[in-house]
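The next block holds one structure in the form of structure tokens; read it before the comments.
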Amino acid sequence: MIGTLNSAHPNIDELLKRGLSQKELKGIFITGSIKKWSDIEPGFVNKNIEVYVRSDAAGAAETWAKYLGGTQEELKGVGIFGDPGLAQAIKDNPLAIGFNNINYVFDLKTKKTTDKHCCFTS
């Protein structure tokens, strides 16, 4: 499981360099206290964070929520069915953040991220 961003995000270089802390991710995905990218870093784009989560019961979502100190039911964001749908939603929105099983983010042959998909670690 890995956190994912769209590679066209306006602050992608800074985000990949600095990462996101577990506390910041909890504020995005569990408590909803972080709503805009500029809430993370004042120099980041002052636009809403578009949060995508799994709508279906899934081990990936439960694992992600547990890492953030919550349960799948506590995850906030637009519910998307399945890993392929979640990956596509993030690819389609430059301001998106979500999480995916690693095989939906990386091309297993080239070992590189798929088109318009980036990942981050906390």
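Keep in mind the model is a prediction, meaning the values are calculated, not measured. Computation of the quantities below employed the complete heavy-atom set of this structure, encompassing side-chain atoms and omitting hydrogens, waters and symmetry-equivalent molecules.
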Lys26 NZ to Ser21 OG distance, which is reported to the nearest 0.5 Å | 11.5 Å

Please answer: with hydrophobic residues joined when any side-chain heavy atoms are less than 4.5 Å apart, are Val78 and Val51 in the same cluster?
-> yes

Going by heavy atoms in the side chains, are Ile97 and Leu20 under 4.5 Å from each other?
-> yes

Side-chain heavy atoms of Phe44 within contact of Leu15, under 4.5 Å | yes

Check side-chain hydrogen bond (donor to acceptor under 3.5 Å, both in side chains) between Thr31 and all other residues, then give those that pass, not counting sequence neighbours.
-> Ser33

The side-chain hydrogen bond (donor to acceptor under 3.5 Å, both in side chains) partners of Asn93 (sequence neighbours excluded) come to Tyr52

Residue pair Ile30 / Lys76, side-chain heavy-atom distance below 4.5 Å | no

Enter the distance from Phe99:CZ to Thr4:OG1 here, rounded to the nearest 0.5 Å.
-> 8.5 Å

Compare every heavy atom of Ala8 with every heavy atom of Pro94, then report the nearest pair and how far apart it is.
-> CB-O, 3.9 Å

Do you know the tightest heavy-atom contact between Ile80 and Gly85?
-> CG2-C, 3.2 Å

In Å, rounded to the nearest 0.5 Å, how long is the span from CD of Glu74 to OG1 of Thr71?
-> 4.0 Å

Rounding to 0.5 Å, atoms CD (Glu50) and CG (Asp92) come to a distance of 12.5 Å

Salt bridge (Lys or Arg N to Asp or Glu O under 4.0 Å) pairs touching residues 35-46, sequence neighbours excluded, are Arg18-Glu41

Shortest non-hydrogen pair, Ser38 vs Asn46, comes out as OG-OD1, 2.8 Å

Starting at CD1 of Ile49, measure out to CH2 of Trp37 and round the result to the nearest 0.5 Å.
-> 5.0 Å

Within the distance-only criterion (no hydrogens, no angle test), does the side chain of Glu62 pair as donor or acceptor with the backbone N or O of Gln72 below 3.5 angstrom?
-> yes

Heavy-atom check, side chain of Trp64 versus side chain of Leu25, under 4.5 Å = yes

Closest approach of Ala89 and Ala96, non-hydrogen atoms and distance?
-> O-CB, 4.5 Å

Mind checking whether Lys17 and Asp13 have side chains closer than 4.5 Å, heavy atoms only?
-> no

Taking Asp83 for the side chain and Asn100 for the main chain, is one N or O donor matched with an acceptor at less than 3.5 Å?
-> no

What residue among Ile90, Asn48, Val45, Leu5 forms side-chain contact (heavy atoms from CB on, under 4.5 Å) with Leu95?
-> Val45

Can you check whether Ile40 reaches Asn11 side chain to side chain, under 4.5 Å on heavy atoms?
-> no

